[in-house]
**Q** 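One structure is given below, represented as structure tokens, and several questions about it will come after.
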Amino acid sequence: MNFDSLLEHPAEWDTFEVNETNYTALFRYITEAAKLIPDPEGEQLLRKLIPHTLRFQPIDSVRLALRLHDMPLIRVALDACKDEYQKKQCVLLLRGEVRLEELPPDLADLANNVKLADYFAMMAKSLDVTETKTPEDVYKSHLVDKDAHAVTAPPGAARVDSAKENLAASFVSAFVNCAHGQDTLIDQQGINWVYRNKDSGQTSATAALGAIHLWDVNGGSNLVDKYLYATGPIKAGGLLALGALSCNIRDEADPAFGLLVDYLADADNGVRMAALLGLGLAYCGTGREDLLVLADPLTSDAPIEVAAISALACGLVFVGTANVQVAQALMQAVMEREADIMAHPLGRFLALGLGLLYMGRQECEAALEACSTLKAPTSEYAALVVEMCAYAGTGNMLKIQKFLGVCTEENKQIATLGLALVGMGEPLVAQMLLRHFDRIIQYGEMPTRRLVPLAIGLLFASDPRVELMGTLSRLSHDQDPEVCMGALMGLGLVGAGTNNGTIAKLLRDLSAYHGKDPNILFMVRIAQGLTHMGKGILSLSPAHSDGLLISRPALAGLVATAMACTNFNDLIQGNYHYLLYTLLPAVHPRVLMTLDADTMQPVGVQCRVGKAVDVAGQPGTPNTITGFQTMTTPVLLSPGQRAELVAPEYKRFTTVNEGIVLLKKKAQWEIELEEMQERAAAPKPSPKTTGTTPAPTTTPAPTGPASAASQPAPAK
């Protein structure tokens, strides 16, 4: 069916008849067309669909509400659901990112992600990845070519110092066992392993508990509690772990808020910063009014380190909300600490915190006005950060052209990350930007080249394409150490949670090639841990719901990590390496799991998993996947793949087969009725004729050779 007239003449929506037959094709066509139309026209087009989604598929109304950031529409969609099963499926789509009050207990648990740890444990058991991994299982040192190392490394090459090696092992163990609930270092050796690290390394080693016990608020809090009675860096690590394990979980007990708020005014700045960042991670994207206390250090005489982490925490909690009180505090801090933004390593997080407030909103005139009052180059840098966050995920070509024009200018190289943010979620824009990045690598200045691999990692998070590996591999052998470390971080982001064999082999070779440089080798280990994150069943991609939605909390976590990596020497290689844990809000399972809608227990059904095909606007009912394989749930979904359930005996309540899908067994009469309807709807074969005149049906056909010879020849 042709829907072009609905785009050309919007008045035809009033007379166009939408029914169960054409609804799916219409929804797919309009949502794809809206991506090519700039707002507000694109938003108005999507709103035309809302009455029809409420009538036929309330879960599509929830998808549109998240796309339009229209929270009241979620309530309307829940009221439009025909039964409790549809409501359960709708609240599962929220992924703990939206707070809904006054829900029944069973729906509240699903909406708040309270049982995500239990479901993830079921996934891991079904996929047989419950065995604990050690850092050596990731390094695979026995496979490294020792002879090659002897050739590339000069005689007498320095060995990696023990503290740096132990710190790398802490991060690798945290990432590879992420959300699995146990590891062989901090979880089993406890405080003995923490003391094998030095100073701020003890903070990161203790905070690894937050990643290992991610989403397990009750069990993880009990294990972290003993570290809160320590002092200095260990206590700071315990506070950060407590906040980290609560990412995207809205528990009624609220242990993170109850414990961390008490340390916001601690005399130890390290403990204070850990409490601030822990609250930012625990309540990322919630916009809770009782967390406005996070902005207090911005308006006080707190040190720049505390103020910068406070700005980051405010940006994470209130991401995309444009909260007026937080925005005023951040604008005031930016204007008062103007000199520190460019001078101090953490100063740039002041501008980032302001930008995160307007993430994806496109309306940021007030913030840009405040940035314009600053002196150059601070004003230009802050304005670029705010603008790139405000237009993240929009694919706005005017902003892409602007960032391409300024990304090679002095103090404006941050626009390179802006290109990746604006183009995120748009496949065609991503391919175009990849070609532009190649030109920047060839002809750009060194400060811009250093940010290109980070931009590639942001743009293709957890999407290990072959063309990316060649570019990043080439940059990982660059003479500039910053380019090398950026390329390694880019490889880690691109391969995050995929267990990609090509990237794993490349990183093993690089561990031998850079064996003489402890700092670069540390980044090799970080990239190895990210590649095997969650033993291969987790993802960092912020896009979900078949590419229609981009998660703001996930995007905020990725941007914060990328910002920390813009200054490797002072931050990641210095005393602030725990900023790598800002990735945790973006972590989510990349598994399709089917549950019984009544018992909420796993049920295995057949499904086809293949490469996704864009069928928007095509007539009929074309196949949405190609090159598929038939498997039994739960199954892993790689980037660019789509799943189709092959279970006619089950009824499902979603239009997108991702994450957790609820199924209900059909009654026998429902199966028989559907079969009768399919047979009735099947096209009947038309009668075939051999001539222009139909043969008579009343006269019997003569037999014998004589009779056959006497028949007239068929007409031509």
Side-chain angles (χ1 to χ4, degrees), residues 168 171-172 174-175 178 203-204 207-208 210-211 214 240 243-244 247-248 273 276-278 280-281 284-285 308-309 311-313 315-316 319 345-346 348-349 351-353 355-356 359 385 388-389 392-393 414 416-418 420-421 424 450-463 472 482 485-497 522-523 525-531 533-534 538-542 550-588:
F171 277 108
V172 171
F175 288 141
C178 184
T203 300
S204 293
L214 186 65
L240 185 55
C247 275
N248 298 326
M273 293 164 64
L276 285 166
L277 186 57
L281 295 177
C284 183
I309 297 299
L312 176 59
L316 291 173
V319 57
L346 286 174
R348 305 190 180 193
F349 285 100
L352 179 62
L356 291 178
M359 177 72 75
V385 172
M388 77 182 193
C389 290
I414 196 66
T416 308
L417 296 183
L421 282 178
M424 189 173 291
R450 290 171 178 169
L451 296 185
V452 169
L454 292 176
I456 293 176
L458 274 180
L459 192 57
F460 299 95
S462 296
D463 188 2
L472 294 174
E482 292 267 352
M485 290 187 283
L488 291 167
M489 191 65 193
L491 278 171
L493 292 175
V494 166
F522 175 76
M523 291 310 303
R525 300 308 189 197
I526 297 296
Q528 288 178 310
L530 288 174
T531 301
M533 175 178 278
L538 295 176
S539 174
L540 294 180
S541 176
I550 292 182
S551 170
R552 285 179 176 178
L555 197 53
L558 286 170
V559 176
T561 304
M563 184 64 74
C565 293
T566 57
N567 189 348
F568 280 103
N569 292 331
D570 294 326
L571 296 179
I572 305 301
Q573 302 290 350
N575 294 325
Y576 305 104
H577 32 70
Y578 56 79
L579 289 172
L580 289 172
Y581 291 120
T582 53
L583 274 176
L584 294 180
V587 175
H588 64 276

**Q** A side-chain contact here means heavy atoms from C-beta on lying under 4.5 Å apart; do Met273 and Thr203 qualify?
**A** no
**Q** So do the side chains of Phe349 and Leu571 get within less than 4.5 Å of each other, counting heavy atoms only?
**A** yes
**Q** Taking the side chain as every heavy atom from C-beta outward, state whether Thr561 and Leu579 have any atom pair closer than 4.5 Å.
**A** no
**Q** Out of curiosity, Ile456 CD1 to Leu454 CG, how far, rounded to the nearest 0.5 Å?
**A** 9.5 Å
**Q** Would you check, one step at a time, whether the test side-chain contact (heavy atoms from CB on, under 4.5 Å) holds for Leu583 with Leu493?
**A** CA-CA 10 Å; Leu583 274 176; Leu493 292 175; 4.1 Å; yes
**Q** Which heavy atom of Cys247 sits nearest to which heavy atom of Leu214, and what is that distance?
**A** CB-CD1, 4.0 Å
**Q** Counting only N and O atoms by type, is there a donor-acceptor contact under 3.5 Å from the side chain of His577 to the main-chain atoms of Asn575?
**A** no
**Q** Mind listing the closest non-hydrogen atom pair of Ala392 and Met359 along with its distance?
**A** CB-SD, 3.6 Å
**Q** Output all residues satisfying side-chain contact (heavy atoms from CB on, under 4.5 Å) with Cys284, sequence neighbours left out; order by chain, then residue number.
**A** Leu316, Pro553, Pro585
**Q** Say you draw a straight line from CD1 of Ile309 to OH of Tyr576; how long is it, rounded to the nearest 0.5 Å?
**A** 8.0 Å
**Q** Supply the atom-to-atom distance Ile572 CD1 to Leu580 CG, rounded to the nearest 0.5 angstrom.
**A** 4.0 Å
**Q** Check whether any side-chain heavy atom of Leu277 sits under 4.5 Å from a side-chain heavy atom of Leu240, and report yes or no.
**A** yes
**Q** Looking at Ser551 and Pro542, would you say the former's side chain and the latter's main chain have a donor-acceptor pair under 3.5 Å?
**A** no
**Q** Quick one: do Ile526 and Val172 satisfy side-chain contact (heavy atoms from CB on, under 4.5 Å)? Show the steps, please.
**A** CA-CA 6 Å; Ile526 297 296; Val172 171; 5.6 Å; no
**Q** If we only count heavy atoms from C-beta on, is the Thr566 to Leu417 side-chain gap below 4.5 Å?
**A** yes
**Q** Using the test side-chain contact (heavy atoms from CB on, under 4.5 Å), find all partners of Thr416 that sit at least two apart in sequence or belong to another chain.
**A** Cys407, Phe437, Thr448, Leu451, Val452, Ala455
**Q** May I ask you to test the Asn248-Val587 pair for a side-chain heavy-atom distance under 4.5 Å?
**A** no
**Q** Can you name the nearest heavy-atom pair linking Phe175 to Gly529, along with the distance?
**A** CB-O, 3.5 Å
**Q** Nearest 0.5 Å, what's the CE-CG distance between Met563 and Leu346?
**A** 11.5 Å
**Q** Give me the atom names and distance for the closest heavy-atom approach of Cys565 to Met489.
**A** SG-CG, 3.7 Å
**Q** May I ask you to test the Leu276-Leu312 pair for a side-chain heavy-atom distance under 4.5 Å?
**A** no
**Q** Specify the closest pair of heavy atoms between Ala211 and Ala174, including all atoms of both residues, with the distance to one decimal.
**A** CB-O, 3.9 Å
**Q** Test side-chain contact (heavy atoms from CB on, under 4.5 Å) on Met533 and Leu540 and set out the steps.
**A** CA-CA 10 Å; Met533 175 178 278; Leu540 294 180; 4.1 Å; yes
**Q** Just to verify, what does Phe171 make a ring-ring contact (aromatic ring centres under 6.0 Å, His included) with, not counting sequence neighbours?
**A** Tyr581
**Q** Side-chain contact test, heavy atoms from C-beta onward, threshold under 4.5 Å: evaluate it for Met485 versus Arg450 and give yes or no.
**A** no
**Q** Evaluate the criterion side-chain contact (heavy atoms from CB on, under 4.5 Å) for residue pair Cys178 and Leu538; output intermediate values, then yes/no.
**A** CA-CA 9 Å; Cys178 184; Leu538 295 176; 3.9 Å; yes
**Q** Looking only at heavy atoms, which two atoms of Gly393 and Ile550 are closest? And how far apart?
**A** CA-CD1, 3.9 Å
**Q** So how far is it from Leu491 CG to Leu530 CG, rounded to the nearest 0.5 Å?
**A** 10.5 Å
